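Okay, so here's the structure we're looking at.
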Amino acid sequence: MARILLGVTGGVAAYKALDLIRLAVAGGHSLRVIQTDNSQRFVGAASFAAITGAPVLTSEWERDPARGAFPDQPTPEHDPISHLELVRNADCFVIAPASANTIAKLAHGLADNLLTSAALAASCPLIVAPAMNHQMWESPATMANTELLRGRSITIIDPEVGSLASRNEWGSGRLAQPATILAAIEQIVPSGERPWDGRRVLVTAGGTREAIDAVRFVGNRSSGRMGFALAEAAAARGAVVTVIAANVDLPRHAQISYIDVESAADLERAAAEQFAGCDLLLMAAAVADFTPPNPAPGKLKKDGRPDLELTLKPTTDVLAQLSECRSEAQMLVGFAAEHGPDAVELGRTKLAAKGLDLLIVNDVSASGTGFESSSNEVTIVSKDGDLHVPKADKLVVANEILNAVDRLAGQRASGVISQSSDE
Ligand SMILES: Cc1cc2nc3c(=O)[nH]c(=O)nc-3n(C[C@H](O)[C@H](O)[C@H](O)COP(=O)(O)O)c2cc1C
């Protein structure tokens with residue numbers, strides 16, 4: 001557990017600080033937030049207070065109700081100067097997102113608000129994650145200011161390349177992903193014990209491709225985002241995570257191992273090899289149910305054919321197969337993309353039929369969630385009942401799923417319920 005002081009400045013990426021906090025809290029860390037005035041135009045203090053469980057400070061002149069203490073610390077009897085006490089108690093001070101303006105102030109030692117005063121007073125490691133328009137990031141002033149900070153052993157987590165907030169803009173300036181920032185924090189600050197330390201988690205992600213010929217395939221719309229979010233959330237809790245990734249084109253994380261596969265048969269082989277070594281399987285990949293039995297070796301030609309008939313044969317049900325050889329201690333979580341009002345009922349049937357511990361039902365008839373979206377809305381089905389997780393970012397949904405795994409493990413440990421496969 002580390003005490004992380006998070007400084008949030010005024011930029012479009014301020015909302016991503018909420019994801020960083022969720023990830024860090026799930027990883028067992030204790031957080032306090034300070035905001036610049038301008039950052040409050042993007043995200044209000046109430047959101048940060050709610051998810052850290054601690055007051056948020058924005059001004060040097062307001063009293064800190066927690067008197068500089070982090071959520072895991074008792075409130076002291078005396079009333080210290082808040083910015084000094086917060087940095088004294090923090091193991092690190094992370095500024096994410098860091099605006100060009102705040103970076104300039106840090107580089108030149110300005111202390112004109114709570115955040116910059118706290119940074120100047122900090123003796124703990126300082127970590128700065130810039131986020132801004134690519135021209136602001138690449139401007140000589142910002143480059144020189146960041147170099148000044150690097151020269152003082154301040155860690156700069158470089159922004160990523162991608163689409164930016166302004167329409168049609170692309171370039172370097174996107175805030176690094178929350179999991180990347182957390183990994184950098186944990187590398188710098190020894191985080192001690194974490195809730196999932198020693199747990200081995202296997203995640204499947206993405207969608208398989210079944211070859212029709214040398215260039216064509218039958219595929220599905222799964223992007224792999226849900227599986228990757230689960231992997232990041234599990235790694236943030238301290239687990240050793242392996243992802244079997246079927247055709248996923250998303251950023252990778254240094255602390256997670258990836259095995260790339262293409263077809264359902266490849267995924268089946270990789271899962272069979274990895275399964276015995278895991279404590280928890282999160283089977284989020286969309287694996288083809290059918291595959292062409294004899295893909296053409298070259299490229300199929302039209303050759304004046306009126307139709308092309310494609311015969312498909314069923315693939316192995318990988319999850320059901322793994323479930324048959326599971327050990328008592330292993331936990332299996334399946335995912336089902338179902339369509340329409342019977343989605344949860346169908347999920348319940350699958351849970352029992354496949355001997356799973358949890359089944360995550362995703363109603364793909366709902367708009368703005370599921371396959372290609374960054375958000376999801378699911379129902380977590382277990383033997384004991386269902387939990388609906390309303391539409392939220394996939395990282396938030398991932399943490400809810402891992403919380404459900406924790407609750408189930410806790411119930412098992414206390415002997416309240418037995419394993420699905422024991423029935
Ligand atoms: C809509 C909008 C979006 C902005 N996004 C960013 C941004 O992503 N990064 C940045 O450095 N500045 C951004 N700015 C400019 C900052 O908000 C401005 O420089 C401000 O002074 C930063 O204050 P602070 O560093 O005290 O938080 C944006 C401004 C507006 C109006």
Side-chain angles (χ1 to χ4, degrees), residues 1-36 39-40 42-58 64-66 68-73 86-87 89-99 102 114-115 118-119 124-131 155 157 174-189 191-192 194-196 229-230 232-238 253 255 374-375 389 392-403 406:
M1 190 276 292
R3 291 190 187 114
I4 303 169
L5 178 61
L6 179 65
V8 181
T9 72
V12 177
Y15 74 94
K16 293 186 185 168
L18 296 168
D19 287 342
L20 172 60
I21 297 170
R22 284 200 187 92
L23 205 57
V25 169
H29 301 297
S30 177
L31 281 96
R32 290 288 309 264
V33 171
I34 55 183
Q35 288 191 259
T36 62
S39 79
Q40 293 199 286
F42 296 88
V43 181
S47 301
F48 292 114
I51 57 173
T52 55
V56 172
L57 302 185
T58 51
D64 177 6
F70 277 66
D72 64 297
Q73 291 180 305
L86 275 171
V87 285
N89 285 333
D91 294 318
C92 66
F93 184 13
V94 184
I95 304 178
S99 66
T102 291
L114 178 69
L115 189 151
C124 60
L126 197 56
I127 299 169
V128 174
T155 302
I157 305 178
R174 283 164 66 96
L175 182 69
Q177 294 198 37
T180 307
I181 300 174
L182 186 60
I185 295 170
E186 287 174 347
Q187 219 170 20
I188 291 165
V189 185
S191 48
R194 286 182 292 168
W196 283 26
L230 286 160
E232 286 164 22
R237 292 174 190 223
H253 293 286
Q255 77 274 33
S374 60
S375 41
V389 182
D393 186 272
K394 283 184 173 166
L395 196 55
V396 175
V397 175
N399 273 308
E400 286 300 331
I401 293 169
L402 301 194
N403 291 343
D406 266 343

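Given the structure is predicted, the values throughout are model-derived calculations rather than measurements.
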Working note: V94 + I181, criterion side-chain contact (heavy atoms from CB on, under 4.5 Å); need CA distance, chi angles, decisive distance, verdict.
CA-CA 9 Å; V94 184; I181 300 174; 4.2 Å; yes
Closest approach of L402 to A234 (non-hydrogen atoms, all atoms of both residues):
CD1-N, 3.5 Å
Any side-chain heavy atom of I185 within less than 4.5 Å of one from I4?
yes
Quick one: are I127 and I188 in side-chain contact, heavy atoms under 4.5 Å?
yes
Locate the shortest heavy-atom distance separating Q255 from A179; write the atom from each residue and the value.
NE2-O, 4.0 Å
Measure the shortest side-chain to side-chain distance between S375 and D393 over non-hydrogen atoms and say whether it is less than 4.5 angstrom.
no
Nearest heavy atoms of A26 and N399, plus distance in Å
CB-OD1, 3.4 Å
Tell me which donor-acceptor pairs under 3.5 Å the side chains of residues 6-22 have, and how far apart each pair is, sequence neighbours excluded?
residue	atom	partner	partner atom	Å
T9	OG1	P97	O	2.7
T9	OG1	S99	N	2.8
D19	OD1	R22	NH1	3.3

Atom pair OG1 (T58) and CG (L114), whose distance is rounded to the nearest 0.5 Å:
7.5 Å
Any side-chain heavy-atom pair from Q35 and Q40 closer than 4.5 angstrom?
yes
Shortest non-hydrogen pair, A229 vs L395, comes out as O-CD1, 3.7 Å
Non-hydrogen atoms of L175 and A129 that approach each other most closely:
CD1-O, 3.4 Å
Interatomic distance, Q177 atom CD to E232 atom CD [nearest 0.5 angstrom]:
5.5 Å
Check each of D91, N89, D72 against R3 using the side chain to side chain donor-acceptor pair (under 3.5 Å) test, and report the only one that passes.
D72
For the student: nearest non-hydrogen atoms of W196 and D406, plus distance
NE1-OD1, 3.0 Å
Working note: I34 + V56, criterion side-chain contact (heavy atoms from CB on, under 4.5 Å); need CA distance, chi angles, decisive distance, verdict.
CA-CA 6 Å; I34 55 183; V56 172; over 6 Å; no
Hey, does F70 have a side-chain heavy atom less than 4.5 Å from the side chain of L86?
yes
Do L57 and R32 have side chains that get closer than 4.5 Å, going by heavy atoms?
yes
